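Data block below; observations after.
Order of appearance sets the numbers: ligands from 1, and atoms from 1 within every ligand. Remember, predicted model here, so these are calculated numbers, not experimental data.
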Amino acid sequence: MSEINQMPREEGLDHSATLMREGYMYIPNRRKSFQSDVFETRLLGQKAICMGGKQAAELFYDRDKFKRSGAAPKRVRQTLFGEKGVQTLDGKAHFHRKEMFMSLMSEEGIQRFVEMNRDNWQNAVDSWIDKGEVVLYEEVKKLLCKSACRWAGVPLSDEEVDKRTDELSSLFESPAAIGPEHWVGRHGRNQTEKWIGELIKQVREGKLLTEEQMALHVISQHKDHEGQLLDTEVAAVEVVNILRPIVAIAIYINFTALALHQFPEQKEKLASGGNEYLQMFVQEVRRFYPFFPFAAARVKKDFTWKNYTFEKETLTLLDLYGTNHDPDLWDNPDVFNPERFKEKSDFLKYSLIPQGGGGYYDGHRCPGEWITIEAMKVCTDFLNNRIVYNIPDQDLSYSLVKMPSIPKSKFKIKHISWK
Ligand code: HEM
Ligand code: MYR
């Protein structure tokens, strides 16, 4: 019989404040100092396990070992996630709800998004030409809000764009913030759910006609695994689960623009490398820059792994950022090098995990990964091949503490014109 060992443990009453102070590096710093991919700590007043790396990701996505109910902290549910959405479900209920999300991500569905998004880039660039200087992050959030609503079948008038963009953005800008910024997010959650809840009622009463394949329609008519329509509030949470993250792609768009600026040799390679190089470039942007720091779950039932005990209900965080920079998985992880993706497809399922790992249907991996990748490709094409612009002096540094991280100046560009 193998012996049971004590997991490396961070001593002290609570380390939530340290986590907020070290941000994306909280777990990687301790994995390094403990020389262990798993350690025990205390977060939010309770025992917690943090882990990272490929084997830890395989464990984390084992549905027999981990569950999601009760895992997301309250401040995250009050802003980013909402209550009772797909992120919080387990077992049959999760599988059934996730299938609905995946049904929206068919090849035609993604293609429809790409075309709408291209249209919106085209119009946005036309409007930037007369403006002199624009803040890319702010502009792209609006552009993506239009794409998201159009794709999902959510009516959005020109007058509403700024308000709805601000509300949806507050949901992902605020979960880790304290004070007023956090409250803006909570207000944004109330406002967006009220807005979408009204539309769901109208669809159900036949007062708002939507095309069948659109997310607003699909979610309004969806029946849960027990054959019941979703409560209006839950249906609203799920429509927001489509709109909000599409707007959040603006953060990756900012990092894409930053990569082209920081690594100018990429421009030439992209111009001659076709779709294959474009794909590798986008994967490297997603690996290299910080976004979602970690995913959270709870231990489903007692088990042992590597001779360590995992006790039922223990809060467990999987280090997404640190796994994407793990020196055991990546050569020179802190070097930006798209070529590393030339031949590595199977290896990626649990190691390139900026949007979660494992399977789409049988786990919580992000269903929006393809839309995200395609939106980043459209952006790269516009920035690299279709427009010219100058980059004025500004502070383009980004923090590894503030979550989510966004380049400080939010990427200003000026003197924009078509090529
Ligand atoms: C789940 C990241 C874009 C919809 C997730 C997870 C992460 C993530 C880390 C959780 C994985 C886990 O819990 O194990 C991101 C990032 C994005 C993005 C960084 C870039 C902007 C999108 C898009 C959509 C989307 C565009 C929809 C159009 C969702 C949903 C879930 C999810 C519904 C919950 C899935 C589940 O619980 O089964 N995402 N995502 N995300 N994402 Fe994304
Ligand atoms: C989405 O909207 O689902 C996509 C991306 C959101 C990223 C938000 C990252 C911040 C998470 C911070 C968690 C802090 C926990 C206290």
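Under the 6.0 Å distance and 45° angle rule, R77 does not count as a cation-pi partner of F81. Relative to the ring axis of F303, K65 places its NZ or CZ within 45° and under 6.0 Å from the centre. Taking the ring axis of W183 as reference, the NZ or CZ atom of R186 stays within 45° of it and closer than 6.0 Å to the ring centre.
In terms of protein heavy-atom proximity, atom 11 (C) of ligand 2 is nearest to P293 CD, 4.0 Å. V76 CG2, 3.9 Å is the protein heavy atom nearest to atom 15 (C) of ligand 2. Looking only at protein heavy atoms, the nearest one to atom 7 (C) of ligand 2 is F291 CE2, 3.5 Å. Of all protein heavy atoms, the one lying nearest to atom 13 (O) of ligand 1 is R68 NH1, 2.7 Å. Closest protein heavy atom to atom 5 (C) of ligand 1: C366 CB, 3.5 Å. Of all protein heavy atoms, the one lying nearest to atom 16 (C) of ligand 2 is M20 CE, 4.0 Å. Protein heavy atom in closest approach to atom 4 (C) of ligand 1: N241 O, 3.6 Å. Considering only non-hydrogen protein atoms, atom 29 (C) of ligand 1 sits nearest to P367 CD, 3.4 Å.
Distance alone, capped at 3.5 Å, is enough to place a donor-acceptor pair between the D319 side chain and the G322 backbone. Panel note: side chain D37, backbone M51; no donor-acceptor pair is recorded below 3.5 Å. Here the side chain of W121 pairs no donor or acceptor atom with the backbone of M116 at under 3.5 angstrom.
Contacts between T372 and ligand 1, counted as non-hydrogen atom pairs separated by less than 4.0 Å, involve the side chain only. When non-hydrogen atoms are compared, ligand 1 lies under 4.0 Å from the backbone of H364 as well as from its side chain. Here L320 has side-chain heavy atoms under 4.0 Å from ligand 1, and that is the only part of it that gets that close.
Side-chain atoms of D395 and S409 form no donor-acceptor pair, as typed in the model, at a separation below 3.5 Å. Judged purely by distance below 3.5 Å, without hydrogens or angles, the side chains of E369 and Y360 pair a donor atom with an acceptor atom. Using modelled atom types and a 3.5 Å distance limit, the side chains of Q228 and E226 yield no donor-acceptor pair. Looking at Y308 and S36, their side chains never bring a donor and an acceptor atom within 3.5 Å of each other. Using a 3.5 Å distance cut-off with no hydrogens or angles, the side chains of Q266 and Y277 do pair a donor with an acceptor. Side-chain N/O atoms of Q394 and K410 include no donor and acceptor closer than 3.5 Å.
Per-residue contacts place L80 under 4.0 angstrom from the following atoms of ligand 2 (heavy atoms of the residue considered): 2 (O), 6 (C). Under a 4.0 Å criterion applied to the non-hydrogen atoms of F291, ligand 1 contributes the atoms 19 (C), 20 (C), 21 (C). Counting the atoms of ligand 2 from 1 in the order shown, those under 4.0 Å from a heavy atom of A176 are 14 (C). Atoms of ligand 1 found under 4.0 Å from any heavy atom of G363, numbered from 1 in the order shown, are 38 (O). Against a heavy-atom cut-off of under 4.0 Å, I249 is close to the following atoms of ligand 1: 21 (C), 26 (C). Shown in contact with K98 at under 4.0 Å from a heavy atom are these atoms of ligand 1, numbered in order with element: 35 (C), 36 (C), 38 (O).
Looking at I246, L318, L243, I253, it is I246 that brings a heavy atom closest to atom 28 (C) of ligand 1. In the candidate list H94, E374, R365, H94 is nearest to atom 38 (O) of ligand 1, counting heavy atoms. Of the listed residues (Y24, F294, F172, F81), the one carrying the non-hydrogen atom nearest atom 8 (C) of ligand 2 is F172.
The shortest separation from a heavy atom of Y61 to ligand 1 is under 4.0 Å, placing the residue in contact. The shell of residues lying under 4.0 angstrom from ligand 1, judged by heavy atoms, excludes R97. Not a single heavy atom of A297 sits under 4.0 Å from any atom of ligand 1. Residue E369 places every heavy atom at 4.0 Å or more from ligand 1.
Summarising the local packing, CH2 of W305 is surrounded by more than 12 heavy atoms from other residues, nucleotides or ligands at distances under 6.0 Å.
Taking only nitrogen or oxygen atoms, main chain and side chain alike, W151 does not reach within less than 3.5 Å of ligand 1. In terms of polar-atom proximity, defined here as any N/O pair under 3.5 Å, R244 does make such a contact with ligand 2.
Checked for salt-bridge contact, R150 and D119 meet the test: a charged N lies under 4.0 Å from a carboxylate O.
Atom 13 (C) of ligand 2 is not flagged as protein-proximal [any protein heavy atom, distance under 4.0 Å].
Residues E160 and P155 share a closest heavy-atom pair of OE1-O, 4.1 Å.
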